[in-house]
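Here's the structure, in structure tokens; my notes come after.
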Amino acid sequence: MAILMKMGSFRACLGTTLVFVVFELCRVCCDITDGNAEHLKREHSLMKPYQGVGSQWDFSGSTLVTSSYVRLTPDERSKQGSIWNTVPCYLKDWEMHVQFKVHGTGKKNLHGDGIAIWYTKDRLHPGPVFGNQDQFLGLAIFLDTFRNDLHGMDRSFPYISAMVNNGSLSYDHGKDGRSSELGGCSAEIRNRDHDTYVAIRYSKGRLTVMVDVDDKNEWKECIDIGGVRLPTGYFFGASAATGDLSDNHDIISMKLYQLMVEHTPEEENLDWTKIEPSVSLLKSPKDNIDDPTGNFRGTPLTGWKVFLLLLCALLGIVVCAVVGAVVFQKRQERNKRFY
């Protein structure tokens, strides 16, 4: 009878733990939207066959629009191109999925320069930062394929990084943007035979960048930074540039999803168009020159890490419960011998 009670308690505990783990797994899987069309904002999205180009999207420079891709630059020297949404975005919480392709005939380390994804106040301003203006207002995600800083051998290229600018910072090409970088990761994005994606999420002051470049149909965390403040009313865009070295820089699609997030009454009453782009860091981005890892704070537990910890805890509970049940049964059998 005691054994049955013990096993019943164990089943109840195990069931509760499994429910909790399944709930956590579902929460993790929802961390990056699966592309639910209900939340797709078509006025901010660029998709085949690119019917919105000319009305909802403008392009400049060397950009070529075809039925299969938008080529920002051809595999030729000294080219710049960009494409920009004409509709300002007033979403407080959003997620942008970009499918892109970087490819060319250049050998290893003999190609450049890369693609930038923008959320900025101004648009269609060509310049030296991957085909766009320097000292911009807003957010930039750089997909940098060429190493300029020969002393920065601690990281491999291509390298993806993020920068938030209030108009006062300059992007340092000579240092590959280290002085203003918020975080980043290396990713093999060039000359891949499969689709390559980057997802940029901004929600409740947190910027998260994920990549899917290994043909595994799963997101891998690249950047996760809190304390980010971005206004509404800015424009999405993409640009690319080549120099002495070159590549084809193609955008296949840019899909913006609205995130359904609750805000406090104070946040709702705030004029989000007046917010100045900024980041609250424990360290200044300029400290990254002496900290080449690009880590400004301890990396938080991501959803998958939490899930793995919970799974390990569950396995520990199961093992302890089974061992306990076996030991209890052995003791009961030993006690029966004395009756």
Side-chain angles (χ1 to χ4, degrees), residues 24-47 85 88-100 115-120 138-143 160-165 181-185 187 189 195-214 216-238 251-263 267 272 275 277-281 294-297 299-307:
E24 181 64 23
L25 178 59
C26 292
R27 187 190 67 80
V28 170
C29 291
C30 293
D31 273 353
I32 291 292
T33 179
D34 60 358
N36 191 330
E38 292 180 358
H39 303 307
L40 176 67
K41 309 303 289 185
R42 294 187 178 276
E43 65 271 26
H44 301 299
S45 298
L46 178 69
M47 299 175 291
N85 194 199
C89 178
Y90 290 98
L91 301 179
K92 300 182 181 70
D93 305 89
W94 48 263
E95 184 169 306
M96 172 67 80
H97 291 192
V98 181
Q99 182 182 354
F100 63 94
I115 296 175
I117 310 299
W118 304 92
Y119 176 68
T120 56
L139 168 70
I141 305 297
F142 302 119
L143 285 63
I160 299 175
S161 63
M163 177 180 178
V164 171
N165 200 346
E181 175 190 317
L182 299 177
C185 68
I189 61 174
D195 297 334
T196 48
Y197 301 86
V198 60
I200 307 160
R201 162 181 282 222
Y202 177 69
S203 181
K204 295 187 74 68
R206 191 162 207 89
L207 175 68
T208 306
V209 178
M210 310 285 281
V211 294
D212 178 6
V213 298
D214 296 321
K216 295 182 178 179
N217 196 30
E218 62 183 26
W219 294 111
K220 178 182 178 182
E221 183 179 296
C222 177
I223 302 169
D224 185 29
I225 298 290
V228 178
R229 288 173 58 82
L230 294 175
T232 59
Y234 280 16
F235 297 92
F236 288 103
I251 297 293
I252 312 301
S253 65
M254 298 176 67
K255 298 179 181 180
L256 186 75
Y257 299 94
Q258 180 179 7
L259 302 179
M260 310 309 291
V261 177
E262 291 186 4
H263 289 272
E267 291 173 332
W272 287 62
I275 293 176
S278 63
V279 183
S280 300
L281 292 173
N295 295 322
F296 297 102
R297 53 178 176 77
T299 304
L301 286 177
T302 62
W304 284 112
K305 292 177 182 177
V306 172
F307 172 69

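Along the sequence shown, residues are numbered consecutively beginning with 1.
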Trace of the side-chain contact (heavy atoms from CB on, under 4.5 Å) decision for V164 with L182: CA-CA 8 Å; V164 171; L182 299 177; 3.7 Å; yes
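- A side-chain contact (heavy atoms from CB on, under 4.5 Å) with L139 is found for one member of V279, T120, I200 and no other, namely I200.
- Of all non-hydrogen atoms in N85 and E43, the two that sit nearest each other are ND2-O, 3.1 Å.
- Atom CG of L259 is separated from atom CG of L91 by 8.5 Å, given to the nearest 0.5 angstrom.
- The line from CD1 of I141 to OG of S161 is 7.5 Å long, rounded to the nearest 0.5 Å.
- Contact between A238 and M254 at its shortest, heavy atoms only, is CB-SD, 4.1 Å.
- W219 places none of its side-chain heavy atoms less than 4.5 Å from the side chain of R201.
- When all heavy atoms of P277 and G138 are compared, the pair lying nearest together is CG-N, 3.8 Å.
- Under the 3.5 Å distance criterion, the side-chain polar atoms of T196 are matched with a main-chain donor or acceptor of F100.
- Atom CD of Q258 is separated from atom OG of S203 by 11.0 Å, given to the nearest 0.5 angstrom.
- Across D224 and E221, no two heavy atoms sit closer than the pair CB-OE2, 3.7 Å.
- Going from atom OH of Y119 over to atom CE of M96 covers 10.0 Å, rounded to the nearest 0.5 Å.
- Side-chain polar atoms of E95 and H97 form a donor-acceptor pair below 3.5 angstrom.
- Here the closest heavy-atom approach between residue K255 and residue Y257 is recorded as CD-OH, 3.6 Å.
- Contact between F142 and A116 at its shortest, heavy atoms only, is CD2-CB, 3.7 Å.
- Between the side chain of S45 and the backbone N or O of L256, at least one donor-acceptor pair lies under 3.5 Å.
- The shortest distance between side-chain heavy atoms of M47 and L40 falls below 4.5 Å.
- Residues Y234 and Y90 are not in side-chain contact: their nearest non-hydrogen atoms beyond the backbone lie 4.5 Å or more apart.
- Under a cutoff of 6.0 Å and an axis angle of 45°, K92 and W272 form a cation-pi pair.
- With respect to K204 and D93, no salt bridge is recorded, no charged nitrogen being found less than 4.0 Å from a carboxylate O.
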